[in-house]
Amino acid sequence: MIEVCKGTNLSVFLQRIKQKEEMENKKPIVLNNLEEWDFTDYIDSLIQKEEAVDLEFKIAKDGLPNSLWDTYSSFANTDGGVIILGVKEYKQQFIIEGLTKEQISQYKKDFWNQINNPDCVNENLLSDNDLYEGCYKGKNLLLIYVPRATRIQRPIYRTRNPFGGHTFKRNHEGDYKCTDAEVKRLIADSDENHPRDSRILCNYSIEDIDKETLTQYRQLFANLKPSHPWLSLNDLEFLTKLEAYRKDRHTKEEGFTLAGILMFGKTESITDPECAPNYFPDYREHLGADDSIRWSDRICPDGTWEANLFQFYRKVYPKLTVILPKPFQIRNGIRIDETPTHIAIREAFINTLIHCDFSEEGNIVVEQWVDKYRFKNPGTMLVSKTQYYSGGDSVCRNKALQKMFMLIGFSEKAGSGVNKIIKGWREANWQKPYVEELNRPDKVELTLPMISLLPDDAVIKLKELFDGKIEKLTQDELTALVTCYSENEINNTQLQYVVPQHRSDITKMLKKLCNEGFLIAEGNGRGTKYHINESEGKFETLEDKVESSENNMESSESNMESSESNMESLKSNMESSKQNKQRMTFEELQALIISLSQDYISIEEIATKVHKTPKYLINFIIPRMFQNGTIERLYPGIPNHPKQKYKATNKNFNKQ
């Protein structure tokens, strides 16, 4: 049961946190029946997490620490978080010191007085429900939930002046002071009435527009909207409709916009100091088998093409979809027969371009591996991660660019892009995409893992290993077990990206899997790692059982093998018996496979040469060789890739 102190009800406090966490690949920590979740569990889960980008412990022994307001500013300007007063950090360990009732009462009074004082902070984002006082193992604590400030509220800063080191943001090292340039970008993002890409550039003309790009765009537009009235307009009139060229009614200034030059401009016109001097779109492909080669293909401004956004998209998008299961087709410039996965890739790519902060340092980077995609763009997110994952909010930094892509069918304004990304990956049964915000310089990274949640080979192996017991596991428990098998080991943090549960619920699930004999824990506290409970004796017994079964079921194959080796001395019925008695040990079979796999080879080829079935090798031999580090996959992140092959690492192994 919960130890309740006077103050905000715990369920109300946790409900506030739910709004932040429920969509971030985590299960909400608020339960319908509060008895299922107590304050002790909640604090335990936070202490295991340690201080992070959304969590801060402060001892507050002698009053509210002044640094509390730095953290308030940093949480509000980043992605929110929880401040816990009454906890001391000593040698990377957290000690619950606690606070007295009198201290908590005074601190709450001081807190509300200061947060409403503009000489302390510029804006109060909190309500009574954002403070909670609770008892943890007999010690009183005060918890403060700081929400992420909205786009128009930021920046949140100390004193009455946002500049000069009074504005803070958060990273994994703690609170840090924003530079004046960072503050200016926050202020610019807060102005919804003047999108970044609507800025009129000085001294730009139609000569800065790449004519081939504009012609190609107009053709796509005509294919999609053959009767549209804009088709009769001349180029400048057409560009004006696209907001690539505009006139400011207040200043009477007119000219090409940032969006217009980025979309249709010549490379040197884009990188001019007046436009976007940091602009450098970069596609990097990592699909080769040779790790010594940095990338197998690269597309970036190299002087051979006009590197505007339109041409970058046209060159890169076909590359991104070439390895997807269903081929992507284009007829007359219009996409045909897109799968949800293709749509997800397209939405992720377009989002990277239209949400980029072109005034920030850094490049647009699109990376492709055999097991994942990663899209990076300079800037910060204009919505919280909760809003991002839930979708439906169309908040765009570059609205004119969004419009330009939308008019040729490459983007939507309804805010459904993220939903389509998640749907496409869910239907492919791949791990959920996740987004991260990085600082110094500001950068947003979206990763789309192409790793199956339940690869067939792993499920088959686990069913055999645990004699069918995994049938009783929940979907999340099975996913955790399969992930552990595929990655050789897991921890709580890794599973937060895979299983839609809160970190404390994941801890309970992992303990349950350990108690039931599926996993073995190694280490303590937040450093605990988990391995499949694959004891040598059980494994060997199961191997013998399966191989014996295979020999019985495939007696004709066994007889043929024995006959070829002993045809001059033994009869057919005796040869089968002798073959069963003289099976190769694992070490002998491993050595044979290594000798056959000096170059990449398929499992079918290996099976033929060692006289074993592919199923037996893939379920029992290859996993052990991975554990020994003696073999590697051509597609390491996709175990069941249709073109999967294997190669020896030539690492020393134990022949005993």
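Values in this document were obtained by computation on a predicted structure and should not be read as measured data. Each residue takes its place number in the sequence, starting with 1.
Taking the side chain as every heavy atom from C-beta outward, Asn278 and Glu360 never approach each other to under 4.5 Å. Put simply, the side chain of Tyr176 does not reach to within 4.5 Å of the side chain of Arg170, judged on heavy atoms.
Considering Tyr145, Trp112, Tyr107 as possible partners of Leu131, the one that fulfils the side chain to side chain contact (heavy atoms under 4.5 Å, CB included) test is Trp112. When each of Tyr317, Phe349, Tyr313 is checked for a ring pair (Phe, Tyr, Trp, His ring centres under 6.0 Å) with Phe410, only Tyr313 meets the rule.
Across Ile83 and Val146, no two heavy atoms sit closer than the pair CD1-CG2, 4.1 Å. Here the shortest heavy-atom pairing between Leu186 and Pro155 reads CD1-CB, 3.8 Å. Heavy atoms only, all atoms of each residue included: Glu306 and Gly265 are closest at CB-O, 4.5 Å. The shortest heavy-atom contact between Pro195 and Lys399 is CG-CD, 3.9 Å. Between His355 and Asn377, the closest heavy-atom pair is O-ND2, 3.6 Å. Closest of all the heavy-atom pairs between Phe75 and Leu55 is CZ-N, 3.6 Å.
No salt bridge links Lys443 with Glu437; every basic N to acidic carboxylate O contact stays at or beyond 4.0 Å. Of the charged side-chain nitrogens involved, none lies within less than 4.0 Å of a carboxylate oxygen, so that Lys247 and Glu253 do not count as a salt-bridged pair. Glu367 has no carboxylate O lying under 4.0 Å from a charged side-chain N of Lys372, or vice versa, which leaves the two without a salt bridge.
In this structure Ser105 satisfies the side-chain contact (heavy atoms from CB on, under 4.5 Å) test with no other residue, sequence neighbours excluded. Contacts of Asn117 classified as side chain to side chain donor-acceptor pair (under 3.5 Å), with partners at least two apart in sequence or in another chain: none. Ala188 is linked by a side-chain contact (heavy atoms from CB on, under 4.5 Å) to Arg196, counting only residues two or more places apart in sequence or in another chain. Every residue two or more places apart in sequence or in another chain that forms a side-chain contact (heavy atoms from CB on, under 4.5 Å) with Glu274 is listed here: Arg199, Leu201, Cys202, Tyr204, Asp272. Partners of Arg246 according to the side chain to side chain donor-acceptor pair (under 3.5 Å) rule, which considers only residues two or more places apart in sequence or in another chain, do not exist here.
A salt bridge (charged side-chain N to carboxylate O under 4.0 Å, His left out) check over residues 150-163, counting only residues at least two apart or in different chains, returns the pairs Asp70-Arg158, Asp119-Arg160.
Between Tyr72 and Trp69, the ring planes are perpendicular. Angles over 60° get that label, and only those under 30° would be called parallel.
For Lys432 and Trp425, the positive end is not near the middle of the six-membered ring at less than 6.0 Å and at most 45° from its axis.
Asp357 and Ser359 share a side-chain donor-acceptor pair at under 3.5 Å.
A 6.0 Å sphere centred on CD of Glu254 holds more than 12 heavy atoms belonging to other residues, nucleotides or ligands.
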